[in-house]
Amino acid sequence: MPKIIFLPHETLCPEGLAVEAQSGETILDVALRNHIEIEHACEKSCACTTCHCIVREGFDSLTPSDELEDDMLDKAWGLEPESRLSCQAQVADEDLIVEIPRYTINLASERH
């Protein structure tokens, strides 16, 4: 079973966290199940960038991004080559190290 290591984030996960994931789950679903409240203003429909994350290790094992996700990522704050929308990035069978960026372009917190 693959593991996801969420690097420390000042407000969402101050100590960082290592958790197990199921193949086929999205990074966002794994985070939410483990009480890491990554914002997802569009309810996981790939219509915003609030769940943007950076996959520091294991990026190539994820399901490929599609054109819609790539277009949305172009609007994300702090975009990097290993950036993904966590609502779209499905875990395969490799461990991941994920960084949650400090900022989003969301002007109002949804706090789901």
Side-chain angles (χ1 to χ4, degrees):
M1 185 175 296
K3 290 188 182 350
I4 299 179
I5 297 171
F6 290 95
L7 296 175
H9 180 279
E10 185 177 316
T11 56
L12 299 178
C13 185
E15 303 296 319
L17 189 63
V19 298
E20 290 188 351
Q22 297 286 332
S23 294
E25 277 188 296
T26 65
I27 293 172
L28 178 58
D29 286 336
V30 174
L32 294 174
R33 186 178 71 243
N34 288 281
H35 311 290
I36 301 173
E37 299 296 323
I38 296 174
E39 289 195 50
H40 50 287
C42 70
E43 296 298 324
K44 308 177 196 176
S45 66
C46 196
C48 73
T49 63
T50 58
C51 71
H52 168 232
C53 69
I54 303 161
V55 182
R56 295 293 180 198
E57 288 187 22
F59 180 83
D60 291 335
S61 72
L62 298 172
T63 56
S65 60
D66 63 17
E67 188 174 338
L68 177 59
E69 181 182 356
D70 292 341
D71 288 347
M72 292 308 302
L73 278 169
D74 285 342
K75 301 171 188 166
W77 182 90
L79 184 67
E80 294 191 19
E82 294 80 24
S83 288
R84 289 295 303 266
L85 296 181
S86 63
C87 70
Q88 301 299 302
Q90 293 182 330
V91 177
D93 56 358
E94 192 173 311
D95 293 348
L96 304 175
I97 296 179
V98 174
E99 180 180 347
I100 304 165
R102 175 174 268 183
Y103 303 107
T104 74
I105 62 169
N106 197 16
L107 300 177
S109 177
E110 300 292 330
R111 292 292 171 219
H112 294 277

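In this structure, CZ on F6 lies 11.5 Å from CD1 on I97, to the nearest 0.5 angstrom. Rounded to the nearest 0.5 Å, atoms CG (L32) and SG (C87) are 10.5 Å apart. Residue H40 holds its NE2 atom at 13.0 Å from CG of L85, rounded to the nearest 0.5 Å. Note: C46 SG to D70 CG = 9.0 Å, rounded to the nearest 0.5 Å. Annotation: the span from C48 atom SG to E43 atom CD amounts to 9.5 Å, rounded to 0.5 Å. Note: E20 CD to R33 CZ = 9.0 Å, rounded to the nearest 0.5 Å.
Nearest approach of T63 to Q88, heavy atoms of both residues: OG1-O, 4.0 Å. Across all non-hydrogen atoms, the minimal contact from L73 to S83 is CD1-O, 3.6 Å. Summarising the geometry of I38 relative to A31, their closest heavy-atom pair is CD1-CB, 3.6 Å, with the distance given to 0.1 Å. Minimum interatomic distance between P14 and P8 (heavy atoms only, all atoms of both residues): O-CB, 3.4 Å. Shortest non-hydrogen contact noted between V19 and V30 is CG2-CG1, 3.6 Å.
A donor-acceptor pair under 3.5 Å links the side-chain atoms of D66 to the main chain of L68, judged by distance alone. The closest donor-acceptor contact from the side chain of S86 to the backbone of I27 lies at 3.5 Å or more, if one exists at all.
Identified under the salt bridge (charged side-chain N to carboxylate O under 4.0 Å, His left out) test for residues 82-96, with sequence neighbours left out: E69-R84.
With sequence neighbours left out, P101 forms a side chain to side chain contact (heavy atoms under 4.5 Å, CB included) with H52, I54, W77. Taking the side chain to side chain contact (heavy atoms under 4.5 Å, CB included) definition, one finds that R102 meets it with E10, sequence neighbours left out.
D29 pairs in a side-chain hydrogen bond (donor to acceptor under 3.5 Å, both in side chains) with only one of the listed residues (K44, Q22, Q90), which is K44.
Cluster membership check: I5 does not share its hydrophobic cluster with V98, using side-chain heavy-atom separations under 4.5 Å among Ile, Leu, Val, Met, Phe, Trp and Tyr. Under a hydrophobic clustering in which Ile, Leu, Val, Met, Phe, Trp and Tyr are joined whenever their side-chain heavy atoms come within less than 4.5 Å, directly or via other members, I100 and F59 fall into the same cluster. In the hydrophobic clustering of this structure, L96 does not group with L7; members are Ile, Leu, Val, Met, Phe, Trp, Tyr whose side-chain heavy atoms approach within less than 4.5 Å, directly or through other members.
With a 4.5 Å cut-off on side-chain heavy atoms, I4 and N34 do not count as touching.
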